[in-house]
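Nothing here was measured: the structure is a model prediction, and the numbers come from that model.
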Amino acid sequence: MKQLSLFLLCACLISFSSQAQLKDALTKASSAGAPNAGNLLSQFAGALKPTSFLPSWGSGGKTDWLSAAGKVSNAVSMAKSVSSLTSFIKPDMFKSGFNVGSITQAASAAKTYSDASNVLKSLEGGLKPEAFLSSWASKRSGWLSALSMLK
């Protein structure tokens, strides 16, 4: 009987502990809110190797672009940031046949976060694998998931 009581007591303690941990996790998740477009843009730019950028990126372009990306407040400004980023990337970092102008066209037509996300996904897909840091492979799926949650 003692063993059964001890087992039930342990089960209750584990249950309460798990519920508290679950409540903490849910509180953190809800306070974090939805993904932030500016953060996702910055993560993407940070996933590119420094050597993938033109010299203008290092001479003020990066600072200005990151500042603007941090102020993105809607889908239109997000798409404009994506389009702007392409002007800092070396032409040889794009896959053969990729039309960089298509990013600008799609960005100017973007009205929703879904549109802007597709512009960013298109840019990501148009870059050669060597344009990215090796760590991008492990972060990409989470980044894509967060990008799809933008509203």
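- Going from atom CG of L48 over to atom CD of Q43 covers 12.5 Å, rounded to the nearest 0.5 Å.
- Applying the side-chain contact (heavy atoms from CB on, under 4.5 Å) test to A37 and every residue at least two apart in sequence or in another chain returns V72, M78, Y113, L150.
- Rounded to the nearest 0.5 angstrom, T51 OG1 and M93 CE are separated by 6.5 Å.
- Residues K90 and S52 have side chains not in contact (no heavy-atom distance under 4.5 Å, counting atoms from C-beta outward).
- Under the side-chain contact (heavy atoms from CB on, under 4.5 Å) criterion, K128 pairs with K95, E130, sequence neighbours left out.
- Nearest heavy atoms, L120 versus F44: CD1-CD2, 3.8 Å.
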Verdict with reasoning, V100 to I89, per side chain to side chain contact (heavy atoms under 4.5 Å, CB included): CA-CA 10 Å; V100 179; I89 299 172; over 6 Å; no
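- Residue A116 comes nearest to A75 through the heavy atom pair CB-O, 3.5 Å, listed as atom of the first residue, atom of the second, then distance.
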Pairs under 3.5 angstrom only: tabulate donor-acceptor contacts from the side chains of residues 54-66 to other protein residues two or more places apart or in another chain.
{"from": "S59", "atom 1": "OG", "to": "P55", "atom 2": "O", "distance (Å)": "3.3"}
{"from": "W65", "atom 1": "NE1", "to": "S81", "atom 2": "O", "distance (Å)": "2.9"}

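- Sequence neighbours left out, not one pair with a member in residues 38-59 passes salt bridge (charged side-chain N to carboxylate O under 4.0 Å, His left out).
- A47 pairs by the side-chain contact (heavy atoms from CB on, under 4.5 Å) definition with F132, W136, not counting sequence neighbours.
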Taking only distance into account, with no hydrogens and no angle test, what donor-acceptor pairs under 3.5 Å do side-chain atoms of residues 137-146 form with protein atoms, sequence neighbours excluded?
{"from": "S138", "atom 1": "OG", "to": "S135", "atom 2": "O", "distance (Å)": "3.0"}
{"from": "R140", "atom 1": "NE", "to": "E124", "atom 2": "OE1", "distance (Å)": "3.4"}
{"from": "R140", "atom 1": "NE", "to": "E124", "atom 2": "OE2", "distance (Å)": "2.6"}
{"from": "R140", "atom 1": "NH2", "to": "E124", "atom 2": "OE1", "distance (Å)": "3.1"}
{"from": "W143", "atom 1": "NE1", "to": "L40", "atom 2": "O", "distance (Å)": "3.0"}
{"from": "S145", "atom 1": "OG", "to": "S141", "atom 2": "O", "distance (Å)": "3.1"}

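- The distance from atom CG of L41 to atom CG of N36, rounded to the nearest 0.5 Å, is 8.5 Å.
- Checked against side-chain hydrogen bond (donor to acceptor under 3.5 Å, both in side chains), N39 has no partners two or more places apart in sequence or in another chain.
- Annotation: side-chain hydrogen bond (donor to acceptor under 3.5 Å, both in side chains) contacts of S42 (sequence neighbours excluded): none.
- Scored by the side-chain hydrogen bond (donor to acceptor under 3.5 Å, both in side chains) test, T112 finds D115 as partners (sequence neighbours excluded).
- Judged as a side-chain contact (heavy atoms from CB on, under 4.5 Å), and not counting sequence neighbours, the contacts of S122 are F98, I103.
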